[in-house]
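Working notes for the structure below.
Reminder, nothing fancy here: chain letters follow the sequence lines and each chain counts from 1.
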Amino acid sequence: MLANRALYFRRRLTNTVFIGLSMSAALFGLVWLTFILGGLLVDGISALSPTLFTEITPPPGSKGGLANAIGGSILMSTIAVLAGTPIGIFAGTYLAEYARHGRLAFVVRFVNDILLSAPSIVIGLFIYELLVVRMGHFSGWAGAAALTVIVIPVVVRTTENMLLLVPNGLREAASALGAPQNFVIKSVTWKAARAGIITGVLLAVARISGETAPLLFTALGNSGWSWSASAMNEPMASLPAVIYSFATGPYEDQHALAWAGALLITATVLVLSIAARILENQKRT
Amino acid sequence: MLIITSGRLSQKLCKTVMFVAWTECELPPIHVFPRPSLTDISLREPAALSARVETARRAGAGDVRFRLTALAAALTVLAIFAGVITSLIIGAMPAFKAFGFGFITTEIWSPTRERFGALAPIYGTLVTSLIAMLIAVPVGIGIAIFLTDLCPRPLRRPIGIAVELLAGIPSIIYGIWGFFVFAPWFQLHVQEPVATAVADIPVLGTLFGGVTFGIGTLTAGLILSIMILPFISAVTRDVLETVPSVLKEASYGLGATSWEVMWKVCLPFCQTGVMGGAMLALGRALGETMAVTFVIGNAHKIAPSLFAPGTSISAAIANEFTEATGELYRSALIELGLLLFVITFIVLACAQFMLLRMERSKGH
């Protein structure tokens with residue numbers, strides 16, 4: 001009886017201790033994350049101003065904005081999404097609709113998941129070797145290509161997952177009506193999985209809007225902005241790369257701009273991920 | 001097997017069907033072709049039939065095209081992967097020829113004398129990732145346990161969503177915060193007191209000694225751990241939620257405490273999943289560039305103290321690549337990239353196989 005009580009007490013004690021540890025772990029993690037977001041808000045908001053969007057990045061010691069960096073980021077991201085999304089959707093469709101259990105599908109799936117978490121700086125090196133060396137100079141195109149390589153695996157993964165959620169009955173019903181397979185895919189499964197696929201694209205945009213490493217030696221950076229058609233052929237500024245070079249520099253004004261840029265990026269990413277979540281939830285209900 | 005043909009089918013189609021049926025069974029086909037019924041449109045109006053055949057043919061051709069497009073897209077993924085490896089190998093060739101395998105085991109990094117060794121960056125990458133994993137894995141699992149079982153229900157969703165959103169925040173944000181906010185604070189309130197306190201203790205004195213800068217290997221490891229924390233929590237929580245509630249209810253029914261249910265039932269049930277998630281996080285930590293580059297200090301040196309500045313593979317590439325003059329310098333950096341890719345590939349491949357195994361075992 002006494003032994004039982006001791007055992008009972010010990011188990012209760014262990015339970016309390018570890019529950020306490022787990023709770024403090026949660027508290028610990030959340031505190032750090034709040035610090036980061038808080039610091040970002042405080043330093044970022046104080047640096048926000050309308051000139052951010054109208055003026056280009058300044059030389060050291062003078063005031064300016066981030067207009068060319070924002071423009072460059074938007075331009076390169078748009079091209080990357082336009083180029084990467086179709087490839088990603090088709091590849092995801094191949095995995096989910098054509099070769100679900102095939103050996104090729106297994107390999108593609110595996111490689112895609114590796115690319116999904118491969119270090120992005122290596123992607124930058126790849127595009128450097130592939131495009132920058134051949135063209136002989138850094139360019140916006142190279143930056144967009146590096147971002148495309150990052151977009152594709154994200155879209156492939158979500159597209160496949162979303163298509164697999166579409167019930168087989170839908171496909172069978174459409175086939176039974178005599179629809180050829182491409183028709184089934186285009187007007188039945190893609191439509192059923194549309195919200196999910198758009199979610200994937202949004203997540204891909206969120207992912208590339210903060211990517212810095214692959215842009216450092218593909219798009220490099222540019223302290224100006226040219227409105228000519230050949231802008232993509234020249235080195236191009238991007239928000240993350242500007243943040244990196246300004247933050248590591250010695251000038252206070254540039255530090256403030258870096259914080260403002262960081263806040264812009266975080267806001268963009270959060271808005272996109274929240275939009276993606278809302279879209280996903282809408283689909284479920 | 002007898003095929004009952006309807007009058008709707010043309011004779012040709014009918015023959016095909018019979019042939020297919022015949023090839024699939026031993027019985028010889030019975031050739032019965034009923035006379036066209038009065039309601040049969042296709043035979044009465046050959047034009048409609050040929051239009052239909054044409055539509056079907058076109059749809060079939062579209063099918064092939066569509067399938068090939070999808071296949072080409074899937075192969076593009078493979079081509080990118082192959083391209084990454086090939087271009088890195090080609091780019092690394094000059095450095096490999098010059099230094100051979102000694103590249104991995106030498107510490108010297110001297111652009112002016114064109115002598116390069118990868119030991120310091122490799123050491124930095126491994127040590128920062130190790131520090132990050134040591135902190136982030138237990139804390140991350142703790143958060144996941146908290147979120148699945150202990151958290152009051154109304155808070156569960158908001159905190160869960162917050163964790164997932166934080167997992168998507170770009171690493172440069174962690175880097176800039178670490179550089180401007182964390183490193184100065186860390187230097188003043190942790191490094192200096194600790195360095196003076198342990199100065200005379202043998203092992204700790206070297207590990208946490210020397211001049212304090214705020215930035216350094218330990219700082220990089222800490223920032224990394226904060227960065228991968230939400231990721232580990234999110235993955236572990238997803239995995240923990242796959243535990244069937246019957247299992248938990250049964251153990252609670254036997255009188256187990258929450259801790260015992262978690263530690264002896266839930267975690268063993270999804271062991272492989274949790275490990276796979278941790279490996280994925282390790283893959284991220286190893287390849288992480290921006291969060292590390294800001295705070296590691298960028299010194300090609302293996303210092304005994306964790307407070308001392310160091311470098312990591314990705315930080316070295318990010319810092320030096322655009323300024324690298326000379327083919328050998330650039331090639332050495334690309335070889336670093338190749339090493340990084342190989343290391344992360346191995347880690348990620350292990351993670352994939354673990355997660356795959358978990359999925360399979362769940363399927364049965």
Side-chain angles (χ1 to χ4, degrees), chain A residues 11-12 14-15 18-19 21-23 25-26 28-29 32-33 36 39-40 87 90-91 93-95 98 107-108 110-115 117-123 125-126 129-130 149 152 156 180-183 206 210-213 216-217 220 240 243-244 247 258 262 265-266 269-270 273, chain B residues 59-60 62-63 66-67 69-71 73-74 76-78 80-81 83-84 87-88 90-91 138-139 142-143 145-146 150 161 165-166 168-170 172-174 176-177 179 181 226 229-230 233 257-260 280 283-284 287 289-290 314 317-318 321-322 334 337 340-341 344-345 348-349 352:
Chain A
R11 286 177 54 206
R12 285 273 299 268
T14 328
N15 191 39
F18 281 100
I19 298 284
L21 278 182
S22 153
M23 281 188 175
F28 175 79
W32 282 118
L33 298 168
I36 292 184
L40 185 66
I87 300 180
F90 270 105
T93 308
Y94 181 79
L95 294 180
Y98 284 110
V107 175
V108 172
F110 178 77
V111 163
N112 188 66
D113 283 350
I114 298 276
L115 284 178
S117 357
S120 53
I121 194 158
V122 171
I123 309 279
L125 287 178
F126 163 56
E129 286 281 306
L130 190 73
V149 173
I152 292 174
V156 171
Q181 197 170 5
N182 68 348
F183 196 78
E211 279 294 350
T212 319
L216 290 177
F217 24 84
L220 193 65
I243 294 176
Y244 176 54
I265 288 186
T266 315
V269 171
L270 285 183
S273 343
Chain B
D63 244 12
F66 193 82
R67 193 197 164 100
T69 317
L71 179 65
T76 311
V77 175
L78 293 187
I80 290 174
F81 184 73
V84 171
S87 68
L88 287 180
I90 293 175
V139 177
I143 294 180
I145 292 176
F146 176 75
L150 307 172
I161 291 176
L165 290 180
L166 285 168
I169 287 190
I172 191 168
I173 307 297
Y174 292 93
I176 188 175
W177 179 81
F179 186 64
V181 182
I226 298 176
L229 189 57
S233 320
T257 61
S258 329
W259 171 251
E260 285 163 347
L280 273 187
R284 288 205 164 186
T289 311
M290 296 327 286
S314 48
I317 302 174
F321 195 78
T322 42
I334 294 179
L340 179 65
F341 193 66
T344 46
F345 178 84
L348 291 173
Q352 294 305 330

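- The parts of A:Ile87 that come within reach of chain B are both its backbone and its side chain, each placing non-hydrogen atoms under 4.5 angstrom from that chain.
- Only the side chain of A:Ile152 comes within contact range of chain B, judged by heavy atoms closer than 4.5 Å.
- Taking the six-membered ring for Trp and thresholds of 30 and 60 degrees, A:Phe110 and B:Phe345 have ring planes more than 60 degrees apart, a perpendicular arrangement.
- With a 4.5 Å cut-off on side-chain heavy atoms, A:Asn15 and B:Ser258 count as touching.
- Under the 30°/60° scheme for interplanar angles, the aromatic rings of A:Tyr98 and B:Phe66 are found to be tilted.
- Atom OG1 in A:Thr266 sits 12.0 Å away from atom CG in B:Leu165 (nearest 0.5 Å).
- Using a 4.5 Å cut-off between heavy atoms, B:Thr76 touches chain A through its side chain atoms alone.
- Inter-residue side-chain proximity for A:Thr212 and B:Pro170 is flagged as unmet; no heavy-atom pair is nearer than 4.5 Å.
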(message) With side chain to side chain contact (heavy atoms under 4.5 Å, CB included) as the criterion, how do A:Trp32 and B:Leu229 come out once you've worked through the C-alpha distance, each side chain's angles and the decisive distance to 0.1 Å?
(response) CA-CA 10 Å; A:Trp32 282 118; B:Leu229 189 57; 5.7 Å; no

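- Looking at A:Leu21, neither its backbone nor its side chain comes within 4.5 Å of chain B, counting heavy atoms on both sides.
- Among A:Ile265, A:Val111, A:Leu216, the residue making the largest number of heavy-atom pairs under 4.5 Å with chain B is A:Val111.
- Contacts between B:Phe179 and chain A at a heavy-atom distance below 4.5 Å involve the side chain alone, from C-beta outward.
- Only the side chain of B:Thr344 comes within less than 4.5 Å of a heavy atom in chain A; its backbone stays farther off.
- The nearest pair of heavy atoms linking A:Ile121 to B:Ala318 is CD1-N, 3.6 Å.
- The two residues A:Ala26 and B:Phe146 have their closest heavy-atom pair at CB-CD2, 3.5 Å.
- When heavy atoms are compared at a cutoff of 4.5 Å, A:Leu95 does not approach chain B at all.
- For chain B, the option among A:Leu220, A:Leu40, A:Leu130, A:Ile19 with the highest count of heavy-atom pairs below 4.5 Å is A:Ile19.
- The residue among B:Glu260, B:Arg67, B:Arg284 with the most heavy atom pairs within less than 4.5 Å of chain A is B:Arg67.
- Both the backbone and the side chain of A:Val107 come within contact range of chain B, each with at least one heavy atom under 4.5 Å from a heavy atom of that chain.
- B:Thr289 touches chain A through its side chain: at least one heavy atom from C-beta onward sits under 4.5 Å away, while N, CA, C and O do not.
- Of the listed residues (A:Ile243, A:Leu270, A:Asp113), the greatest number of heavy-atom pairs within a distance under 4.5 Å of chain B belongs to A:Asp113.
- Rounding to the nearest 0.5 Å places CD1 of B:Ile334 at 4.0 Å from CD of A:Glu129.
- Put simply, of B:Ile145, B:Ile169, B:Leu166, the one with the most heavy-atom pairs under 4.5 Å next to chain A is B:Leu166.
- Considering only heavy-atom pairs separated by less than 4.5 Å from chain B, the leading option among A:Ala258, A:Gly210, A:Ser22 is A:Ser22.
- With chain A as partner, the option from B:Gly337, B:Gly283, B:Ala73 having the largest number of non-hydrogen pairs under 4.5 angstrom is B:Ala73.
- The choice from B:Ile80, B:Thr322, B:Leu340, B:Ile176 that makes the most heavy-atom pairs within less than 4.5 Å of chain A is B:Ile176.
- Heavy-atom distances place the side chain of A:Phe28, and not its backbone, under 4.5 Å from chain B.
- For chain B, the nearby parts of A:Ala213 are the backbone and the side chain; heavy atoms of each come within less than 4.5 Å.
- Using a 4.5 Å cut-off between heavy atoms, A:Val269 touches chain B through its side chain atoms alone.
- Only the side chain of B:Val181 comes within contact range of chain A, with heavy atoms under 4.5 Å apart.
- Both the backbone and the side chain of B:Ile317 come within contact range of chain A, judged by heavy atoms closer than 4.5 Å.
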